[in-house]
Amino acid sequence: MSEFLTIGEPVVTFMSKDADASLVDTINYFKLLGGAELNVAIGVQRLGHTTEYVSRLGADPLGGYAKKQILEHGVGTTFVTEDADNWTGFQLKQMVTTGDPQTFNYRTGSAAAHLSADVLDDVKLDDVKIAHMSGIFPALSETSNQAFRHLMDRLVAADKLITFDPNLRPALWNDDERMIREINEFAKSADIILPGMNEGKILMGSEDPKDIADFYLNQSDRTKVVIVKVGPAGAYVQTRDAEGFMVPGFKVNNVVDTVGAGDGFALGVITALLEDKSLRSAAMRGNAVGALQVQTPGDNDGYPTPAQLKAFYEAEGVSED
Ligand code: ATP
């Protein structure tokens with residue numbers, strides 16, 4: 001088994017080739033693979049750590065494509081099962097020259113939404129050092145919600161280090177009150193929480209990083225660290241017993257697509273912690289991977305190898321401790 005574990009739905013993306021065209025007018029698309037939790041697994045693997053991804057794919061061409069891609073990235077697929085009755089989820093995505101792209105999802109009733117809790121009993125946790133949980137998977141269906149809870153319970157019982165990204169997707173939850181209640185409840189089981197500043201506004205009514213961190217540190221003894229992502233400005237780190245501090249982001253002149261920056265941030269933090277780096281270095285690595293990712297069009301193609309990360313740090317004149 002691997003050092004890193006996550007559970008989620010891979011999303012096959014059909015990305016418009018026509019810059020700034022609406023999804024209604026676009027005719028030409030290219031195909032790529034994303035999905036928040038898979039992005040994190042791909043990036044953790046690319047930085048030299050072993051990973052295991054739990055998911056469920058349709059027995060269809062998109063499922064075949066996703067499986068091939070996941071294998072090519074070297075991510076563990078022991079628990080990527082096949083579903084003969086349901087399709088692999090996909091999305092249409094705009095190509096934009098500035099700002100956030102428009103996306104449209106076809107994932108209701110997908111194969112991953114049928115991933116049930118019983119599969120998770122076979123997942124061995126002995127070697128897992130960090131498990132990354134995100135608020136997307138429990139929003140897919142009642143079945144995935146139960147599966148997510150079951151894995152979370154097993155991780156807590158085994159006292160594994162859990163990172164949690166709220167990854168708010170109101171369109172998937174279709175019930176804002178439930179979304180807020182459940183995301184904040186899941187956060188109670190996490191050791192490290194990685195919310196975005198805008199998510200704070202929805203989840204506890206403030207986008208002040210200190211308020212967000214205080215809220216999560218106060219609601220559960222288990223939560224030891226909150227790192228709030230503040231976009232290009234970087235990240236705010238707060239622990240239970242010390243003053244919070246900002247770790248500044250890196251300047252990027254050519255922002256191509258911001259999708260995948262938050263996942264990049266998470267994998268930067270996770271890999272740095274797997275390598276016993278300080279929290280400051282973990283947040284700096286998160287900022288570095290986020291900055292590299294916003295310069296590329298796909299969801300995970302900007303994530304660095306160890307050599308690329310080293311070259312980036314050298315060019316920026318910074319180093320980790
Ligand atoms: P998303 O869910 O859209 O990926 P998020 O809200 O989870 O985003 P962001 O704060 O947008 O996360 O981005 C994560 C990290 O990526 C930031 O903390 C920052 O370090 C880096 N980043 C994002 N945008 C930029 C940018 N324009 N320039 C430099 N770094 C950026």
Side-chain angles (χ1 to χ4, degrees), residues 8 11 13 34-40 42-43 91 93-94 96-103 105 132-137 139 163-172 179 183 187 190 192-203 206-209 212-213 216 225-238 244-272 279-304 309 312-313 315-316 318 320:
V11 182
T13 299
E37 308 84 359
L38 178 60
N39 289 338
V40 177
I42 287 171
Q91 74 170 190
K93 182 172 166 185
Q94 213 185 3
V96 289
T97 44
T98 53
D100 288 339
Q102 184 194 351
T103 57
N105 288 293
H132 182 65
M133 305 293 273
S134 120
I136 299 176
F137 190 69
T163 53
F164 179 65
D165 183 339
N167 259 330
L168 293 187
R169 297 290 186 276
L172 288 178
M179 173 180 77
I183 292 285
I192 300 178
I193 306 177
L194 306 169
M197 202 171 46
N198 298 332
E199 289 177 326
K201 203 165 163 186
I202 300 169
L203 289 167
S206 171
E207 52 185 1
D208 179 334
I212 300 171
Y216 285 119
V225 183
V226 180
I227 309 182
V228 184
K229 293 165 280 181
V230 294
Y236 173 80
V237 182
Q238 196 172 321
F245 57 91
M246 271 300 296
V247 180
F250 295 95
K251 188 150 180 46
V252 172
N253 294 320
N254 179 30
V255 176
V256 176
D257 179 345
T258 54
V259 174
D263 303 328
F265 185 88
L267 77 91
V269 169
I270 289 164
T271 53
L279 272 180
R280 185 179 293 278
S281 295
M284 184 173 78
R285 193 185 294 193
N287 287 336
V289 181
L292 285 164
Q293 177 54 31
V294 297
Q295 299 177 60
T296 61
D299 289 4
N300 51 50
D301 39 2
Y303 299 160
L309 182 65
F312 178 82
Y313 280 158
E316 293 287 339
V318 295
E320 291 180 356

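Side chains are part of it too, since the values below use all heavy atoms of this structure and drop only hydrogens, waters and symmetry mates. By convention here, the first residue in the shown sequence is residue 1. Both counts, for ligands and for their atoms, begin at 1 and track the order of listing.
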- Query: Under 3.5 Å between some N or O of ligand 1 and some N or O of Lys229?
  - Reply: yes

- Nearest heavy-atom approach of Pro209 to Val230 is CG-CG1, 3.8 Å

- Message: To check your reading of the model: name the closest protein heavy atom to atom 10 (O) of ligand 1, its residue, and the distance in Å.
- Response: Gly231 N, 2.9 Å

- Query: Should you measure from each heavy atom of Gly260, which atoms of ligand 1 turn up under 4.0 Å away?
  - Reply: 4 (O)

- Task: Report the nearest protein non-hydrogen atom to atom 31 (C) of ligand 1: residue, atom name, distance rounded to 0.1 Å.
- Result: Pro232 CA, 3.9 Å

- Between Gln94 and Pro101 the two heavy atoms that sit nearest each other are O-CB, 3.3 Å

- Task: Give the residue and atom name of whichever protein heavy atom lies nearest to atom 3 (O) of ligand 1, and the separation in Å to one decimal.
- Result: Thr258 O, 4.1 Å

- Could you name the option among Ala261, Ala36, Gly290 that has the heavy atom nearest to atom 14 (C) of ligand 1? Ala261

- Note on the structure: Closest non-hydrogen atoms of Ile212 and Met197, given as atom of the first, atom of the second and distance, are CD1-O, 3.9 Å

- Is the closest N or O pair between Ala235 and ligand 1 shorter than 3.5 Å? no

- Note on the structure: atom 24 (N) of ligand 1: closest protein heavy atom, distance to 0.1 Å, is Val294 CG1, 3.7 Å

- Query: Roughly how far, to the nearest 0.5 Å, is CG of Leu309 from CZ of Arg285?
  - Reply: 5.5 Å

- So, is Val259 polar-close to ligand 1, with some N/O to N/O distance under 3.5 Å? no

- At a 4.0 Å threshold, what atoms of ligand 1 neighbour a non-hydrogen atom of Val252? 28 (N), 29 (C)

- Write down the atom of Pro248, the atom of Asn287, and the distance for their closest heavy-atom approach. O-ND2, 3.2 Å

- Item | atom 18 (O) of ligand 1 within contact range, any protein heavy atom under 4.0 Å | yes

- Item | Heteroatom distance test (Gly262, ligand 1): nitrogen or oxygen, under 3.5 angstrom | yes

- Item | Between CG on residue Leu168 and OG on residue Ser134, distance to nearest 0.5 Å | 10.0 Å

- For ligand 1, does Asn287 get within less than 4.0 Å through its side chain, its backbone, both, or neither, judged by non-hydrogen atoms? both

- Task: Give the atoms of ligand 1, by number and element, whose distance to some non-hydrogen atom of Val255 is under 4.0 Å.
- Result: 27 (N)

- Measure the acute angle between the ring planes of Phe312 and Phe250, then classify it against the limits of 30° and 60° as parallel, tilted or perpendicular. perpendicular

- Sequence neighbours excluded, which residues qualify as salt bridge (Lys or Arg N to Asp or Glu O under 4.0 Å) partners of Lys229? Asp165

- Task: Check ligand 1 against Phe250 and write out every atom of the ligand that is under 4.0 Å from a heavy-atom position of the residue.
- Result: 28 (N), 29 (C), 30 (N)

- For residues Val237 and Ala283, report the shortest heavy-atom separation together with the two atoms involved. CG2-CB, 3.7 Å

- Gap separating the CG atom of Asp208 from the OH atom of Tyr236, nearest 0.5 angstrom: 8.0 Å

- Item | Closest approach of any protein heavy atom to atom 6 (O) of ligand 1, naming residue and atom | Gly196 CA, 4.2 Å

